[in-house]
Amino acid sequence: MAREIATHTPRAAGRESPLLRRYEALIEEHFRDRWPVAAYAGELAVSPTHLNRVVRQATGGPASALITDRVLREARRMLIYTNLTAAEIAYALGFNDPAHFSRVFARGTGLPPREFRRRIERNP
């Protein structure tokens, strides 16, 4: 049986879910606070399982992926448009450990923050 690969891209019908829209708005408001999925679910008055089900149906990925995607988007923006160090960006994004931020960034983008910035500076 073939396994579907999660791409975290929107699926037309699922993006119309009011719960998903509210979840995305909460992520936008709190992504720097490093809330776990359970905290978002509690704020939305649903179970983490239900939130994951709705998000997976809409995007093909887990609810946590939307949080990580938003954090990585902000990290990339900060690496490109600011002179902050990776450690300063880590703390600004709510990480307690810059090394953990670097691992999350590298896992999500394929490059550690320093190399990402270096490549951007070489190829504007």
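Heads up: numbering here begins at 1 and tracks the sequence. Every heavy atom of this structure was used, including side-chain atoms; hydrogens, water molecules and symmetry mates were not.
Of the charged side-chain nitrogens involved, none lies within less than 4.0 Å of a carboxylate oxygen, so that Glu29 and Arg22 do not count as a salt-bridged pair.
Residues Arg122 and Arg118 have side chains in contact (heavy-atom distance under 4.5 Å, counting atoms from C-beta outward). Between Leu79 and Ile120, the closest side-chain pair of non-hydrogen atoms is not below 4.5 Å. Counting heavy atoms from C-beta outward, Ser102 and Pro113 have side chains that approach closer than 4.5 Å.
Considering only residues two or more places apart in sequence or on other chains, His30 meets the ring-ring contact (aromatic ring centres under 6.0 Å, His included) condition with Trp35. Checked against side chain to side chain contact (heavy atoms under 4.5 Å, CB included), Ala92 has the following partners two or more places apart in sequence or in another chain: Met78. With sequence neighbours excluded, the residues forming a ring-ring contact (aromatic ring centres under 6.0 Å, His included) with Phe116 are Phe105, listed by chain and number. Residues satisfying the side-chain hydrogen bond (donor to acceptor under 3.5 Å, both in side chains) test with Asn83, not counting sequence neighbours, are none. When the side-chain hydrogen bond (donor to acceptor under 3.5 Å, both in side chains) test is applied to Arg77, the partners found at least two apart in sequence or on another chain are Glu74.
The nearest pair of heavy atoms linking Leu26 to Glu43 is CD1-CG, 3.6 Å. Minimum interatomic distance between Ala63 and Leu51 (heavy atoms only, all atoms of both residues): CB-CG, 4.2 Å. The nearest pair of heavy atoms linking Tyr23 to Ser64 is OH-N, 4.2 Å. The shortest heavy-atom contact between Ala58 and Leu20 is CB-CD2, 3.4 Å. Residue Arg34 comes nearest to Gly94 through the heavy atom pair CG-O, 3.1 Å, listed as atom of the first residue, atom of the second, then distance. In this structure, Ile89 and Arg117 approach most closely via the heavy-atom pair CD1-NH2, 4.0 Å.
With Phe31 as reference, Val71 is the one residue of Thr68, Val71, Asp69 to meet the side-chain contact (heavy atoms from CB on, under 4.5 Å) rule.
From Tyr40, atom OH reaches atom CG of Asp33 across 7.0 Å, with rounding to the nearest 0.5 Å. Atoms CD and OG1, from Glu88 and Thr82 in turn, are 8.0 Å apart once rounded to the nearest 0.5 Å.
Sorted by first and then second residue, the salt bridge (charged side-chain N to carboxylate O under 4.0 Å, His left out) pairs with a member in residues 97-111 form an empty list; sequence neighbours excluded.
No more than 12 heavy atoms of other residues, nucleotides or ligands shown are found within 6.0 angstrom of CZ on Arg114.
By the rule that hydrophobic residues join a cluster once side-chain heavy atoms approach within less than 4.5 Å of another member, Tyr91 and Leu93 end up as members of separate clusters.
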